[in-house]
Amino acid sequence: MDDAELDELATDFIRSAVVDDVKSGRFDRRVRTRFPPEPNGYLHIGHAKALSIDAGIAYDFGGKFNLRFDDTNPVKEEEEYVEKIVDDVRWLGWDFGDTVLFGSDYFEQMYEWAEQLIEQGQAYVDDLSPEEIREYRGTLTESGKNSPYRDRSAPENLDLFRRMRAGEFPEASRVLRAKIDMASPNLNLRDPVMYRILHEPHHRQGDTWCIYPMYDWAHGLEDAIERVTHSLCDLGYRDHRPLYDWFLDQLGIYHPRQIEFARLFMTYTVLSKRKLLQLVEGGYVAGWDDPRMPTLAGMRRRGYTAEAINGFCAGIGVSTANSVVDVAFLEHSVRDDLNTRVPRVMSILDPVKIVIDDYPEDKVEWMEVSNHPQRPEMGTREVPFSREIYIERDDFMEDPPRKYYRLAPGREVRLMNAYLVTYKDVVRDHNGAIVEIHCTHDPDSRGGQAPDGRKVRGTLHWVSVPHALDAEVRLYDRLFMQEDPEDVAEGHTFFESLNPASLEVRTGCKVESSLQDAEPGYRCQFMRIGYFCVDPDTDRAHLIFNRTIELRDTWAKIQKKLSR
RNA sequence: UGGGGCGUGGCCAAGUGGUAAGGCAACGGACUUUGAAUCCGUCAAUCGCACGUUCGAAUCGUGCCGCCCCAGCCA
């Protein structure tokens, strides 16, 4: 890549920094990034943003991208999560080569470097209790004070540290600390803990270790071992950067550059692993992959595409300002992607029967219907039409308001790709509820075109009664009712912001017969309603669709205005 | 009240001394066999506030205000 090509890649402040480093040869013109999840939960849309930056930069610069688990705390981490995370990263389409990396694989090297620091007199074994360490650390406004164990000799520290590793001491009895500055205004530099004793088996290392490295100590070393050039993380680590740099400098080893960016926040959503876990464990949702969850697994099940999510991430930009992205932008990204790629189909969520009195009783016509009116290359299919069809219950009104131009007494409407039909009368049950609407049709309007060119404003979707397939449809809505779910009164929790109507299960929906063999994951647009996909719970006897997202609904807006 | 960050339209976000990009949302209108999509148009005399420097400031200086993060043997 020459300089002119590089300049074009400088589209945000991080890429600009990378461009500078490539130009100056700081890392031999290499670019290598990494995504370092801790395997203690599922990935969510916030991780998709981080991935889009980490992996996206490696991709744009023709560099390498590492997927590396930051698994330094055996008590919080589980194997199940690593599989799910790997799966999600692949699904999003990011290429991390053929190896999944683990920070824990570097434990031995880290240990050797710790001994080096001890020998250099820059790390010591501290016997203070956790409570004492906290007291000695001082506060935001008062400086800390030195531990009485701070000046142990290097040989003594080495001996103690080796015995820590050998398992001679109980948990919490001792730690290894870096000897930096207990008076630093940056609390992270007040002799941070490097190793703690944990008599816990590790998900990959088994019982090999009983001392485990802390994040600040481990992270830069992992980056250095992997020859990462740019270690990108969220703003929360800004204050840790001096420490990241300090360890690498004292060791005198390869030194990547850490750059921080703002995490993603989104309206009507919570994005913290802790809270997501609470939703799962409290049974507020059906699991990590519940379609209402902001997890990648949930969104995938909901019908969101990787392209939509990546497009969203690219669209929100990268900056260092804390911001809350409007969930409407995510929804826009999803509709935008689905609109161009997904076939159209007719399905009725709330059916009411129409009988076309002047249409022969046994006749069936197979109408040729485009799979995507704007994209003829997606082909056509044959859809059966007969005397009795279902339409949407709210596509008929006996006493319609202004601007309603669907079926009503005295009206003629178009049945999409079929015929123009005119209202005749209605049949009710003893409670007065409508059970059938009777119409007549214009036999010369086959295909839906008026032979005389008369204007017909309303166009309805429909499904032939004898051919219709029964389906369950799960209508999902936002999980939370408030823009900021955490904005609750004192003593209350975000659970109270939960939307009680976030899931509505409809049974007895009538879908087009072409959906007969649709496989789980199949996406389509139910015309005039929204985008849907087949849920994995589907089986031969039971078709189940998830509503991914509604179509924009201008009529709903007009109605709202009319009612005011 | 220590330290580190951040403040550009309802929401993101460009802009780095030469007179406020773009997207989302919203609102009009055109088109329409999806009230979808598409298309066209409207939407910041002003960049947290106040002084100052300059021919000229969102961009530089000073002061103030507001918001976020840090006191795990979590990451």
Side-chain angles (χ1 to χ4, degrees), chain A residues 11-12 36-38 40 70-73 75-77 126 128-130 133-135 137-144 171-177 184-190 192-198 211-212 214-216 218-219 233-242 260 262 266-267 273 312 315-333 335-336 339-340 344 346 369-370 372-374 403-406 413-418 420 447-450 456-461 483 525-530 550-559:
Chain A
T11 51
D12 59 62
E38 184 186 16
N40 67 347
D70 218 342
D71 54 349
T72 57
N73 186 351
V75 318
K76 291 172 59 188
E77 295 150 10
D126 196 350
L128 252 27
S129 69
I133 287 183
R134 195 189 328 122
E135 286 162 21
R137 185 154 33 227
T139 67
L140 294 178
T141 51
E142 301 159 44
S143 93
E171 286 187 13
S173 60
R174 286 179 228 262
V175 290
L176 182 72
R177 292 231 251 170
S184 172
N186 181 346
L187 294 297
N188 297 121
L189 263 20
R190 321 246 258 228
V193 173
M194 295 165 60
Y195 279 94
R196 74 286 215 181
I197 299 171
L198 252 25
I211 56 171
Y212 291 92
M214 298 286 290
Y215 169 87
D216 284 310
H219 203 82
C233 58
D234 77 66
L235 253 26
Y237 295 100
R238 181 58 248 259
D239 293 342
H240 295 247
R241 192 163 79 207
E260 313 83 14
M266 205 161 61
T267 56
K273 282 191 196 169
F312 165 77
I316 56 178
V318 189
S319 77
T320 53
N322 287 320
S323 57
V324 184
V325 175
D326 192 339
V327 73
F329 185 61
L330 207 215
E331 296 171 344
H332 158 79
S333 306
R335 287 194 188 98
D336 195 41
N339 176 43
T340 59
R344 267 105 243 238
M346 292 192 287
V369 175
S370 172
H372 190 132
Q374 279 81 41
K403 293 186 177 174
Y404 182 89
Y405 49 80
R406 279 114 100 145
V413 297
R414 172 167 31 243
L415 295 175
M416 209 180 269
N417 296 296
L420 261 24
Q449 196 69 251
V456 176
R457 192 79 196 274
T459 301
L460 313 185
H461 57 103
E483 228 182 84
Q525 184 198 85
F526 287 179
M527 289 188 103
R528 302 210 304 132
I529 302 177
E550 294 167 277
L551 249 32
R552 284 190 59 200
D553 191 351
T554 305
W555 170 238
K557 271 183 206 167
I558 295 172
Q559 275 179 305

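In what follows, chains are A, B, ... by sequence order, proteins preceding strands, each numbered from 1. For clarity, every value in this text was computed on a predicted model and none was experimentally measured.
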> Just checking A:Asn417: base, sugar-phosphate only, or nothing, at a heavy-atom cut-off of under 4.0 Å?
Replying inline: base

> A:Arg406 has a side chain; which of B:rA75, B:rG35, B:rC12 sits nearest to it?
Replying inline: B:rG35

> At their closest point, which heavy atom of A:Pro373 faces which heavy atom of A:Met527, and how far apart are they?
Replying inline: CG-CE, 4.3 Å

> Think A:Ser323 has a side-chain N or O under 4.0 angstrom from the OP1 or OP2 of B:rA13?
Replying inline: yes

> Is the base of B:rG41 syn or anti, if syn means a glycosidic angle within 90° of 0?
Replying inline: anti

>> I want to check one thing: is the phosphate of B:rC74, taken as OP1 and OP2, less than 4.0 Å away from some side-chain N or O of A:Arg196?
In response: yes

> Nearest to the side chain of A:Lys403, which nucleotide is it out of B:rC73, B:rC74, B:rG35?
Replying inline: B:rG35

> How is A:Tyr195 classified with respect to the nucleic acid when contacts are heavy atoms under 4.0 Å: base, sugar-phosphate, or nothing?
Replying inline: nothing

>> When you measure from the side-chain N and O atoms of A:Arg190 to the phosphate of B:rC70, is any distance below 4.0 Å, counting only OP1 and OP2?
In response: no

>> Can you tell me which nucleotide in B:rA75, B:rG35, B:rG2 comes closest to the side chain of A:Thr141?
In response: B:rG2

> Taking the C1' atom of each, how far is B:rA13 from B:rU1, in whole Å?
Replying inline: 35 Å

> With rounding to whole Å, what would you report as the distance between B:rA71 and B:rU62 at their P atoms?
Replying inline: 30 Å

> How far does the P atom of B:rA45 sit from the matching atom of B:rC11, given to the nearest Å?
Replying inline: 15 Å

> Is the shortest side-chain N/O distance from A:Arg344 to OP1 or OP2 of B:rU34 below 4.0 Å?
Replying inline: no

> Picking from B:rG2, B:rC74, B:rC12, which would you name as closest to the side chain of A:Met214?
Replying inline: B:rC74

> Can you give the dot-bracket line for RNA chain B, using ( ) for pairs inside the strand, [ ] for pairs that cross earlier ones, | for pairs with another strand and . for unpaired bases, where Watson-Crick and G-U count if both distances are under 3.5 Å?
Replying inline: .(((((((.[[[..)..(...]]].(((((.......))))).....[[[[[..)....]]]]])))))).....

> Has the side chain of A:Glu142 got a donor or acceptor that lies under 3.5 Å from a partner of the other kind on the base of B:rA71?
Replying inline: no

> Just how far, in rounded Å, is P of B:rC73 from CZ of A:Arg174?
Replying inline: 17 Å

> Does any N or O donor sit under 3.5 Å from an N or O acceptor when you compare the side chain of A:Arg528 with the base of B:rG35?
Replying inline: no

> When all nucleic acid strands are considered with a 4.0 Å heavy-atom cut-off, which category describes A:Leu551: base, sugar-phosphate, or nothing?
Replying inline: base

> Considering all heavy atoms of both residues, which atom of A:Leu420 and which atom of A:Gly448 are nearest to each other, and what is their separation?
Replying inline: CD1-O, 3.6 Å

>> Counting the atoms with a prime plus P, OP1 and OP2 as sugar-phosphate, which does A:Gln374 contact under 4.0 Å by heavy atoms, base, sugar-phosphate, or nothing?
In response: base

> When all nucleic acid strands are considered with a 4.0 Å heavy-atom cut-off, which category describes A:Tyr237: base, sugar-phosphate, or nothing?
Replying inline: base

>> Could you report the tightest heavy-atom contact between A:Arg335 and A:Arg552, atom names first, then the distance?
In response: NE-N, 3.9 Å

> So what does A:Leu128 hit on the nucleic acid, given a heavy-atom distance under 4.0 Å: a base, only sugar-phosphate, or nothing?
Replying inline: base

> Considering only B:rA37, B:rA71, B:rU34, which nucleotide approaches the side chain of A:Arg134 most closely?
Replying inline: B:rA71

> How would you label the contact of A:Tyr404 with the nucleic acid (heavy atoms, under 4.0 Å): base, sugar-phosphate, or nothing?
Replying inline: base

>> So A:Thr459, base contact, sugar-phosphate only, or nothing? Heavy-atom distance under 4.0 Å.
In response: sugar-phosphate

>> Any base atoms under 4.0 Å from A:Met346, or only sugar-phosphate, or nothing? Heavy atoms, all strands.
In response: nothing

> Looking only at side-chain N and O atoms, does A:Ser319 come under 4.0 Å of OP1 or OP2 in B:rA13?
Replying inline: yes

>> Can you check the distance between B:rU19 and B:rC47, where both ends of the measurement are the C1' atom (answer in whole Å)?
In response: 13 Å

>> Under 4.0 Å, heavy atoms only, any strand: does A:Ala321 hit a base, just the sugar-phosphate, or nothing?
In response: sugar-phosphate

> How are the rings of A:Phe329 and A:Phe312 set relative to one another: parallel (under 30°), tilted (30 to 60°) or perpendicular (over 60°)?
Replying inline: tilted

> Across the strands shown, which category fits A:Thr72 at heavy-atom distances under 4.0 angstrom: base, sugar-phosphate, nothing?
Replying inline: sugar-phosphate

>> Let me spell it out: for each of A:Asn186 and A:Val193, pick the nucleotide of RNA chain B with the closest heavy atom. Which residue's pick is nearer the 5' end?
In response: A:Asn186

>> Evaluate A:Thr72 against A:Met214 for side chain to side chain contact (heavy atoms under 4.5 Å, CB included), listing each step before the verdict.
In response: CA-CA 7 Å; A:Thr72 57; A:Met214 298 286 290; over 6 Å; no

Distances for protein N/O vs nucleotides 22-27 of chain B N/O pairs under 3.5 angstrom?
{"unit_1": "B:rA26", "atom_1": "OP1", "unit_2": "A:Lys557", "atom_2": "NZ", "d": "3.1"}

> Which value, in whole Å, describes the distance between the C1' atoms of nucleotides B:rG52 and B:rU59?
Replying inline: 15 Å

> Considering only the C1' atoms, how many Å lie between B:rU46 and B:rG35, rounded to the nearest integer?
Replying inline: 38 Å

> Base, sugar-phosphate alone, or nothing: which one does A:Val456 contact when heavy atoms must sit under 4.0 Å apart?
Replying inline: nothing

> Any donor-acceptor pair under 3.5 Å joining the side chain of A:Gln525 to the base of B:rU34?
Replying inline: yes

Polar atom pairs (N or O), protein with nucleotides 67-69 of chain B, under 3.5 Å:
{"unit_1": "B:rC68", "atom_1": "O2'", "unit_2": "A:Asn322", "atom_2": "ND2", "d": "3.2"}

>> On RNA chain B, compare the nucleotides closest to A:Asp336 and A:Pro36; which residue's is nearer the 5' end?
In response: A:Asp336

> Considering only B:rG2, B:rG35, B:rA75, which nucleotide approaches the side chain of A:Leu187 most closely?
Replying inline: B:rG2

> Nearest heavy-atom pair of A:Val175 and A:Ile133: which atoms, and what distance?
Replying inline: CG2-CD1, 3.9 Å

>> Given B:rC73, B:rC12, B:rA75, identify the nucleotide with an atom nearest to the side chain of A:Asn73.
In response: B:rA75

>> When you measure from the side-chain N and O atoms of A:Arg414 to the phosphate of B:rG35, is any distance below 4.0 Å, counting only OP1 and OP2?
In response: no

> With a non-hydrogen cut-off below 4.0 angstrom, is A:His240 in contact with a base, only sugar-phosphate, or nothing?
Replying inline: base

> Do we see A:Trp555 stacking on the base of B:rG35, given a limit of 5.5 Å between centres and 30° between planes?
Replying inline: yes

> Is A:Ile133 touching bases, backbone alone, or none of the nucleic acid, heavy atoms closer than 4.0 Å?
Replying inline: base

>> Suppose you measure atom P in B:rA44 against the same atom in B:rG23; what distance do you get, rounded to whole Å?
In response: 15 Å

> Roughly how far apart, to the nearest Å, are B:rG3 and B:rU8 at atom C1'?
Replying inline: 27 Å

>> Determine whether A:Leu187 and A:Asp239 satisfy the following criterion, side chain to side chain contact (heavy atoms under 4.5 Å, CB included), listing intermediate values before the conclusion.
In response: CA-CA 9 Å; A:Leu187 294 297; A:Asp239 293 342; over 6 Å; no

